[in-house]
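Take a look at the structure below.
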2 protein chains.
Amino acid sequence: MNIYDIAEKSGVSIATISRVLNGGKNVSQKTYDKVMAIIEEEGYTPNIFARGLGLDTMQTIGILVTDAKDTYYARMISYLSEGLHSLGFNVLLSSTGYDLKSKKREMELLISKRVDAIFLAGSSQQELKGNTHIKEAAKTIPIIMVNGYIDAPGIINVSSNDRAGIYDCIRKLSASGYQKPLYFYNHATYSGAEKIAGFEAAAKELGLAKVKERIIQLPDTLTGMQARVEQVIASGLDFDAVVASEDLLAVAASKALAGRKLDLPVVGFNNSILAEVSSPTLTSIDNMLESLCKMAVELFHERSLGKDTSSRVTIDCKLAVRESFRPEE
Amino acid sequence: MNIYDIAEKSGVSIATISRVLNGGKNVSQKTYDKVMAIIEEEGYTPNIFARGLGLDTMQTIGILVTDAKDTYYARMISYLSEGLHSLGFNVLLSSTGYDLKSKKREMELLISKRVDAIFLAGSSQQELKGNTHIKEAAKTIPIIMVNGYIDAPGIINVSSNDRAGIYDCIRKLSASGYQKPLYFYNHATYSGAEKIAGFEAAAKELGLAKVKERIIQLPDTLTGMQARVEQVIASGLDFDAVVASEDLLAVAASKALAGRKLDLPVVGFNNSILAEVSSPTLTSIDNMLESLCKMAVELFHERSLGKDTSSRVTIDCKLAVRESFRPEE
DNA sequence: CTGAAAGCGCTAACAA
DNA sequence: TTGTTAGCGCTTTCAG
């Protein structure tokens with residue numbers, strides 16, 4: 001069933017069918033109704049390839065993510081695709097893993113599939129240095145960094161202010177009497193570096209010595225994390241609070257501390273369901289993921305409409321207060 | 001840059017370029033090498049639309065899911081797309097929500113995009129009754145139900161044996177001396193119904209009276225769930241163990257019980273990170289999601305190769321034992 | 001092993 | 001308002 005069949009059945013030319021299909025401009029109401037009726041009746045759908053061939057667009061956006069099953073990225077995917085969807089786009093999803101080679105490969109693949117733009121979801125999509133493949137791609141196709149930042153023409157950057165998020169949190173701990181915080185992280189990403197910078201800045205203001213020793217990397221599994229935190233406790237390092245780069249690390253810390261009967265403030269990051277599930281429930285820095293994604297889609301939309309939008313937008317974090325730390329006023 | 005340009009630069013016809021592009025059958029090694037060199041040099045990629053127009057396939061699979069940010073569905077998406085990807089397919093993702101209308105709409109959209117097959121991920125994609133739109137679609141395009149079951153021609157069904165999973169779990173509780181279990185659930189889906197059936201069957205064998213009263217629906221938020229469980233405890237209902245249809249419900253139950261200083265066995269479902277994060281850690285029925293997805297992709301692959309595969313495969317669950325319940329041997 | 005040419009189904013410029 | 005027709009870039013017979 002193609003446009004010719006419909007044309008024949010309707011007794012008009014394919015051009016008229018095409019017009020009807022594309023909104024019905026310059027078509028008499030009578031013809032429009034007649035054609036529409038036949039289209040419905042036959043259950044005809046225009047061939048997307050033929051259409052794409054002419055227009056060179058398939059109304060499809062590519063989303064690149066390092067690990068689609070990670071709760072955090074999953075939420076990104078969901079919010080982004082929701083927004084894009086309501087703009088009439090479909091979403092082509094690619095989970096790249098953390099290897100640069102395959103990130104590049106997937107990117108090329110998406111470009112060769114003629115997607116209309118690429119959203120790079122999560123700061124792990126960008127390297128700490130270089131990123132020439134992204135800059136290069138941006139010359140061909142709109143690139144939107146969601147929670148990342150690359151300063152190059154054509155790239156739209158939307159990110160949460162993670163640095164300030166951590167910084168403010170340390171300040172609040174300090175104001176509540178906890179002046180010897182520890183910082184746990186696991187992945188070294190762009191946003192990871194930002195968070196550490198926030199910690200360092202606040203630690204310096206607190207006059208803490210040997211700040212580097214307070215910034216501790218944890219392994220990837222929950223039990224591994226817990227074991228490492230226990231080591232840290234056993235090492236006798238003097239601390240009175242814990243801030244983590246992700247809720248899961250905060251959970252591990254919380255469990256290890258509980259095991260030692262230590263009741264210290266613990267703060268996570270992302271404000272995920274894990275913070276709610278943990279006992280005690282965890283105070284967590286909320287990086288406003290949904291707003292972030294909405295904003296990313298919005299900026300892309302405006303840009304594609306030809307507006308001269310900002311190429312970098314930053315959103316502030318909020319502290320979601322729960323049992324593990326209640327700041328004093 | 002198109003096939004004509006490459007043909008000109010190579011001094012051969014477009015037909016030869018096309019042959020090279022499609023594996024190089026019936027092309028001399030010499031010509032092949034020459035053309036390949038030019039293709040690489042120019043960084044040429046064939047236009048996917050033109051190709052699709054001729055072949056009527058874009059090597060793209062649609063995945064339909066009710067809520068992409070739900071951890072469980074996110075994992076499905078990840079495993080499925082991983083498998084499909086290694087088969088050379090791209091993934092078009094659509095998050096439909098729980099409304100039937102929009103499920104239908106998204107399905108039609110995917111079909112109109114000429115995807116090569118549709119994976120329906122999660123039993124919430126199917127209705128408890130009817131499902132004519134799925135059966136109808138299956139006439140046009142291969143449909144794969146991941147954790148669902150619809151008996152109609154052309155539909156491949158892969159699911160975990162949730163009924164037996166719950167049944168066996170109740171048996172184990174019983175063998176360990178807990179013979180008055182409660183069952184918590186929240187969504188009424190196909191797999192939800194299976195789980196309840198498993199509970200009822202086991203409860204009947206235990207000789208429990210008023211089984212219906214032991215099957216309790218909880219609301220959607222964690223705090224709401226906890227509150228409801230507390231009500232149940234307060235109501236004086238006689239029980240000595242809890243089994244839930246999802247880990248989050250088990251977490252809620254665990255928290256509510258802990259609040260009342262009740263130390264009873266609690267078992268969740270899905271064996272998610274929540275079970276690990278919870279304190280005490282939760283024993284959980286693992287429905288082998290990864291195997292399930294791998295199997296779904298595998299079956300689709302075989303089917304598309306023309307093999308006459310089974311149209312229904314069931315995978316047994318396993319109990320992931322943690323602190324909240326250790327079955328006695 | 002290679003080339004010429006006929007589609008694939010649609011859009012859009014141009015005519016009428 | 002409607003129709004005619006020339007592409008869009010590729011695959012695939014069919015000849016040679």
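First the proteins, then the strands, lettered A, B, ... as listed; each starts at 1.
No side-chain heavy atom of Val297(A) sits less than 4.5 Å from a side-chain heavy atom of Phe89(A). Looking at Thr57(A) and Arg114(A), their side chains never come closer than 4.5 Å, going by heavy atoms from C-beta outward. No side-chain heavy atom of Ile48(A) sits under 4.5 Å from any side-chain heavy atom of Met58(B). With a 4.5 Å cut-off on side-chain heavy atoms, Lys113(A) and Thr60(A) do not count as touching.
For residues 6-27 of chain B, the set of pairs meeting the ring pair (Phe, Tyr, Trp, His ring centres under 6.0 Å) definition, not counting sequence neighbours, is empty. Applying the ring pair (Phe, Tyr, Trp, His ring centres under 6.0 Å) test to residues at least two apart or on different chains, the pairs with a partner in residues 109-150 of chain A are Phe119(A)-Phe300(A).
Among residues two or more places apart in sequence or in another chain, the side chain to side chain donor-acceptor pair (under 3.5 Å) test is passed with Ser28(B) by Thr31(B).
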Steps toward salt bridge (Lys or Arg N to Asp or Glu O under 4.0 Å) verdict (Glu290(B), Lys294(B)): CA-CA 6 Å; Glu290(B) 190 168 358; Lys294(B) 291 259 157 67; 3.0 Å; yes
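In this structure, the side chain of Thr66(A) does not engage the main chain of Thr96(A) through any donor-acceptor pair within 3.5 Å.
Using a 4.0 Å cutoff on non-hydrogen atoms, no part of residues 33-40 of chain B comes near DNA chain C.
For the helix from dC1(C)-dG16(D) to dA16(C)-dT1(D), the angle separating the two terminal helix axes comes to 30°, with each axis derived from five pairs and the value rounded to 10°.
A salt bridge between Glu41(A) and Lys9(A) is absent, with no side-chain N of the basic residue lying under 4.0 Å from a carboxylate O of the acidic one.
Residue Gln29(B) contributes atom CD, which lies 10 Å from atom P of dC1(C) at whole-angstrom precision.
OP1 or OP2 of dT2(D) sits under 4.0 Å from a side-chain N or O of Thr31(A).
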Under 4.0 Å protein heavy-atom contacts per nucleotide of nucleotides 8-16 of chain C, with B for base, S for backbone only and - for none: BBBBBB---
